[in-house]
Amino acid sequence: MPRYLPTLNAVRAFEAAGRHGSFTGAADELNVTHAAISRHVRGLEKQLGVQLFRNIARGVELTEDGKSFLGDITPALDQISDASDTLRQKKSGTLTISCEPTFAMKWLMPRFGEFQQQFPDLDVTLKSTSVLADIRNNECDLAIRYCHRVERGLDYELISASPVFPHGSPAFDKVSEPAELLQHRLLHEDKGHLWTRWFERAGEANFVLPRAPKSLASLLAIEGALAGQGIILASSELVANDVRNGRLKRLSNIGLDWGGYFLVYLTEVGRRKPVRAFRRWLIGATTEFRGGE
């Protein structure tokens with residue numbers, strides 16, 4: 001007996017709309033128009049003879065039949081995707097990751113062996129660059145970026161929301177008053193804007209930042225702090241190894257919420273098995289940095 005299968009494009013449109021809870025979100029993911037998603041969904045409803053979405057004030061929501069259908073077809077589409085990926089990538093999967101250099105050097109590489117031990121057949125290319133990779137044109141599968149918000153149309157997961165704290169070598173004493181830090185050289189990767197915001201957050205007024213190198217890349221600033229050349233503002237994930245090894249210490253418990261590290265990817269790429277494996281590992285390994293310390 002032949003299988004009864006609805007139109008695959010209609011199924012993909014419905015499944016994406018169901019996951020996003022939005023026709024607009026599905027349109028962004030599949031790179032089609034809102035009208036195309038609506039047309040596919042209505043056609044699928046006609047084929048199946050059931051209502052899958054109902055209109056509500058803020059858009060659409062799944063009916064009970066829609067929820068049931070979504071729960072059944074999502075694993076099936078994942079299985080098709082995995083089977084196709086296995087053939088396309090042969091035995092060993094491939095994964096290309098673009099990563100901001102400081103995170104790559106200070107956190108990712110010291111732990112990357114753990115991931116490779118868990119997935120020895122996965123062929124990984126890690127690109128450490130400050131230039132933003134063009135995810136939409138498949139320059140990479142995943143990107144690790146430091147930013148305040150992720151551009152529209154990309155899926156993302158938060159890696160770290162840790163505030164920035166003052167850190168210095170063990171030669172520096174922990175301060176009881178923020179103003180004590182003004183007696184030392186303050187290293188920074190901008191023109192002092194972040195330190196200015198930190199002192200404002202700490203309640204200081206009418207302060208003048210001490211003279212220091214005008215601008216250092218974050219890796220250079222951390223190396224300068226390790227060499228005892230000054231104090232840096234850094235989030236926990238970037239100095240975790242150095243703090244653990246006693247090479248740096250936090251000098252004040254006043255933190256400044258600034259940006260965050262995000263794992264960014266296209267939705268359709270995020271469903272590939274190698275990508276899902278890295279996402280699960282990375283998010284699990286960085287749990288401590290999302291506690292808002």
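One is the number of the first residue; the rest follow in order along the sequence.
Side-chain atoms of Thr102 and Glu100 include a donor-acceptor pair closer than 3.5 Å. For the residue pair Glu15 and Thr74, a side-chain donor N or O sits within less than 3.5 Å of a side-chain acceptor on the partner. With hydrogens and angles left out, the side-chain atoms of Glu180 and Ser176 include a donor and acceptor closer than 3.5 Å. For Asp155 and Thr267, the side-chain atoms include at least one donor-acceptor pair closer than 3.5 Å. Defined by atom type and a distance below 3.5 Å, a donor-acceptor pair is present between the side-chain atoms of Ser236 and Ser162.
Between Phe119 and Phe278, the gap from one ring centroid to the other reaches at least 6.0 Å.
Aromatic ring pairs are classed by plane angle as parallel below 30°, tilted from 30° to 60° and perpendicular above 60°; the pair Trp107 and Phe289 is perpendicular.
A 4.5 Å side-chain heavy-atom check between Phe262 and Cys147 finds at least one atom pair inside the cut-off. Residues Leu142 and Leu95 have side chains in contact (heavy-atom distance under 4.5 Å, counting atoms from C-beta outward).
A salt bridge does not link Glu237 to Lys106: none of the charged side-chain nitrogens sits closer than 4.0 Å to a carboxylate oxygen. Ionic pairing of Glu61 and Arg54 is present here: one or more N-O contacts between side-chain nitrogen and carboxylate oxygen are shorter than 4.0 angstrom.
Residue Met105 belongs to a hydrophobic cluster whose other members are Leu219, with links defined by side-chain heavy atoms closer than 4.5 Å.
Here the rule is side chain to side chain contact (heavy atoms under 4.5 Å, CB included) with Val243, and of Asn241, Val239, Asn245 only Val239 fits it.
Every ring-ring contact (aromatic ring centres under 6.0 Å, His included) that Tyr146 has, sequence neighbours left out, goes to Tyr261.
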